[in-house]
Amino acid sequence: MEAVAAVLVGLVAALHVYILVMEMFLWQKKQGRSFHGFDAEMARATAPMAANQGLYNGFLAAGLVWGLIAADPTGFRAQVFFLSCVIVAGVYGAVTANRRILVAQALPGALALAAVLIAR
């Protein structure tokens, strides 16, 4: 179960690296605009906000990677903390921005957190 938990945590970290790239570097390009369905004008107007969000997603990914490589109990605690942050951010995003965020962000985080706790 430890291997399953580590893979799930790694996938959540990879998801947040992907979000970082989309929001920080591709937001105004075709791939980034289609990510949220924005036209060029809206993407241009929201680019600073998106870059800020992307940076936060990068911090989540970094924390999860730290949790994977740190020895216990630090690694376990970091995974629990950062996965909890992912879930809270996903729920908040679903309530305030787009319900898809619940499935795209909070659900993977919750599954990974469950696996980490069961593996303990």
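We count residues from 1, following the sequence as given.
In terms of heavy atoms, Phe38 sits closest to Ala43 at CB-N, 4.1 Å. Contact record, Pro48 with Ala45: CD-O, 4.0 Å, taken as the closest heavy-atom pair. The two residues Ala47 and Trp27 make their nearest non-hydrogen contact at CA-CD1, 3.7 Å.
Although no hydrogens or angles enter the test, the distance criterion places no donor-acceptor pair under 3.5 Å between the side chain of Thr74 and the main chain of Ala70. Remark: the backbone N or O of Ile101 is not paired with any side-chain donor or acceptor of Asn98 at under 3.5 angstrom. Side-chain atoms of Arg33 come within 3.5 Å of backbone atoms of Gln28 as a donor-acceptor pair (strictly under, hydrogens ignored).
Counting heavy atoms from C-beta outward, Ile87 and Gln105 have side chains that stay 4.5 Å or more apart. Counting heavy atoms from C-beta outward, Phe82 and Phe59 have side chains that stay 4.5 Å or more apart. At least one side-chain heavy atom of Val80 sits under 4.5 Å from a side-chain heavy atom of Leu113. No side-chain heavy atom of Arg100 sits less than 4.5 Å from a side-chain heavy atom of Val103.
Residues satisfying the ring-ring contact (aromatic ring centres under 6.0 Å, His included) test with Phe76, not counting sequence neighbours, are none.
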Name every donor-acceptor pair, under 3.5 Å, that has one atom in a side chain of residues 5-23 and the other anywhere in the protein, sequence neighbours excluded.
{"from": "His16", "atom 1": "ND1", "to": "Asn57", "atom 2": "OD1", "distance (Å)": "2.6"}
{"from": "Glu23", "atom 1": "OE1", "to": "Gly54", "atom 2": "N", "distance (Å)": "3.0"}
{"from": "Glu23", "atom 1": "OE1", "to": "Asn57", "atom 2": "ND2", "distance (Å)": "3.3"}
{"from": "Glu23", "atom 1": "OE2", "to": "Gln53", "atom 2": "NE2", "distance (Å)": "3.4"}

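Both Val86 and Phe81 belong to a single network of hydrophobic side chains, linked directly or stepwise wherever heavy atoms of I, L, V, M, F, W or Y lie under 4.5 Å apart.
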Quick one, Asp72 with Arg120, criterion side chain to side chain contact (heavy atoms under 4.5 Å, CB included). Give me CA distance, side-chain angles, the key distance, then yes/no. CA-CA 10 Å; Asp72 284 336; Arg120 184 75 167 157; 3.9 Å; yes
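Residue Met49 places its CE atom among more than 12 non-hydrogen atoms of other residues, nucleotides or ligands, all under 6.0 Å distant. Counting non-hydrogen atoms of other residues, nucleotides and ligands closer than 6.0 Å to CD of Gln31 gives a total above 12.
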